[in-house]
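Written below as structure tokens is the structure these notes are about.
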There are 2 protein chains.
Amino acid sequence: MSRASERTREALIEAATLVFAEKGYEGGSIRDITRKAGANQAAVTYHFGGKEGLYREVLRTAFKALKESNVLDPDNLDSLQATEALRLFVRQMLLPLLKRSVLARYIKILNWEILQRTDMFQDVAITENASLLSSAERLARRFMGERASEEDVAVATLWLLHQGFIFVRDYEYLSRPPHNLKVDEAFVERLADFLTRLLASGLTGVRP
Amino acid sequence: MSRASERTREALIEAATLVFAEKGYEGGSIRDITRKAGANQAAVTYHFGGKEGLYREVLRTAFKALKESNVLDPDNLDSLQATEALRLFVRQMLLPLLKRSVLARYIKILNWEILQRTDMFQDVAITENASLLSSAERLARRFMGERASEEDVAVATLWLLHQGFIFVRDYEYLSRPPHNLKVDEAFVERLADFLTRLLASGLTGVRP
DNA sequence: TTGGAAATCATACGGATGTTTTAATTGAGG
DNA sequence: CCTCAATTAAAACATCCGTATGATTTCCAA
């Protein structure tokens with residue numbers, strides 16, 4: 001594989017990350033991606049076997065990056081005080097609100113997967129051992145205590161996973177009338193705080 | 001308008017309700033709908049002026065039915081004790097988990113609108129005076145008290161709206177390994193209970 | 001019974017999508 | 001320098017979509 005070939009390969013992945021983050025898997029088109037990457041349509045089939053293969057590669061990259069970012073690493077979260085870990089988790093999920101981070105795009109893709117799960121996601125999530133889920137589950141367990149039933153933990157985990165995504169998806173709704181919220185760093189900080197207290201109180205409060 | 005004509009019109013609306021509930025507005029195709037309704041493709045344009053018109057009619061029907069069922073009626077919720085109102089709200093939003101009810105399909109469509117808001121939804125929501133949002137906002141306010149800031153209320157309202165939808169969307173995820181939850185009436189009842197306590201505790205707990 | 005509007009029908013249209021084909025170009029090893 | 005496989009390129013292909021068209025049938029009032 002030559003240098004130039006490697007370059008188009010990476011350009012495709014980068015462009016695809018952008019497009020898939022913005023429009024989701026189904027909504028993102030090959031034509032759009034290849035135009036952004038300055039590559040030919042056929043290059044996708046050639047390098048990745050098709051749209052699915054390209055997306056799979058994007059997912060792989062995303063999981064790897066999130067894992068290496070350490071923020072969502074379950075062991076890392078375990079070492080923190082429960083509420084602090086929860087706050088970190090929440091803040092990470094709110095990152096796309098501030099568009100700067102590279103990770104934001106990956107989390108946006110994960111959010112799309114919450115909307116409409118693809119087959120590829122299941123595969124990659126298993127092979128790459130997505131720590132997101134296990135982080136959420138461990139967090140839920142810590143707040144709910146040992147005596148919580150498996151059903152309750154499953155429900156709470158699923159619940160926890162969605163809490164950040166809500167605001168990422170609807171941040172435009174918040175920033176328009178009638179709410180007119182200014183979505184800046186200060187807001188995200190306040191929101192993370194708000195959510196952390198809300199979630200912590202919600203998770204611990206459910207015990208009879 | 002003849003009797004037979006009325007029948008195809010209603011068959012189209014019914015089929016469209018089914019399809020849109022399952023695949024959303026964009027994902028639901030005219031060909032699929034007309035096949036299910038036993039009607040011709042052109043019938044959609046003839047009776048409703050196009051896909052948008054058909055969807056608008058489905059939304060109108062949905063809002064009317066939900067209103068009559070008291071789920072979206074804020075005044076009705078106001079007349080109940082706060083936690084009871086919250087429980088009712090939550091239970092109705094979980095309806096799609098039990099496939100029996102007709103309302104279940106309508107709520108599924110509302111859930112799609114949470115994911116990807118259509119222009120039609122805005123229009124119909126206003127003209128039909130559908131107050132899902134205002135129901136949620138009033139609920140949030142009751143739990144958070146008078147001293148909560150507008151920002152907090154806006155955030156909490158948006159948050160509340162999503163709580164039921166999470167589980168409807170990931171129904172399949174819960175019922176498959178590793179969780180294997182049996183999603184029956186008893187489960188929905190437990191889930192509604194769980195969520196109600198969780199939300200109530202979360203919403204009240206945020207006050208400093 | 002019949003004329004004309006209402007309703008249905010099969011089918012075509014224009015545009016989008018992902019994929020395939022076939023030819024040209026590139027670039028490294030002999 | 002030449003060769004040949006790897007890579008890129010442009011265009012065609014097959015399939016979906018929502019809509020439009022024009023012919024045909026159905027229906028009801030005159």
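No hydrogens, no waters, no symmetry mates; every other heavy atom, side chains included, goes into these values. Convention: sequence-line order gives letters A, B, ...; per-chain numbering from 1.
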Nearest-nucleotide pick for A:T8, side chain only, options being C:dT8, C:dT19, D:dT8: D:dT8

Residue A:T45, side-chain atoms from C-beta onward, closest of C:dT19, D:dT8, D:dT21: C:dT19

Proximity to the side chain of B:K51 - top-ranked nucleotide from C:dA7, D:dG18, D:dT21: D:dG18

Nearest listed nucleotide, side chain of A:I30, among C:dT19, C:dT20, D:dG18: C:dT19

A:E26 CD - D:dC17 P separation (whole Å): 12 Å

Closest nucleotide among C:dA7, D:dA10, D:dC13 to the A:R31 side chain: D:dC13

Touch class at under 4.0 angstrom, heavy-atom based, for B:A43 against every strand present: nothing

B:R91 atom CZ, neighbour heavy-atom count above 12 within 6.0 Å: no

Distance-only donor-acceptor test, B:N40 side-chain atoms vs C:dA7 base atoms, 3.5 Å: no

d(CD1, A:I33; C1', C:dT17) in whole Å: 12 Å

Nearest-Å distance for atom pair CD/P, residues B:Q41 and C:dC9: 12 Å

Rounded interatomic separation in angstrom, taking NZ from A:K23 and P from C:dA16: 13 Å

Under-4.0 Å side-chain N/O to phosphate OP1/OP2 contact, A:S29 with C:dA16: no

Ring centers of A:F63, A:F121 separated by less than 6.0 Å: yes

Main-chain N/O of A:Y25 paired with A:W112 side-chain donor or acceptor, under 3.5 Å: no

Distance test, side-chain N/O of A:H47 to OP1/OP2 of D:dT8, below 4.0 Å: yes

Exceeds 12 heavy-atom contacts within 6.0 angstrom, atom CD of B:E151: yes

Sugar-phosphate only, base, or nothing, as touched by B:G28 at under 4.0 Å among non-hydrogen atoms: sugar-phosphate

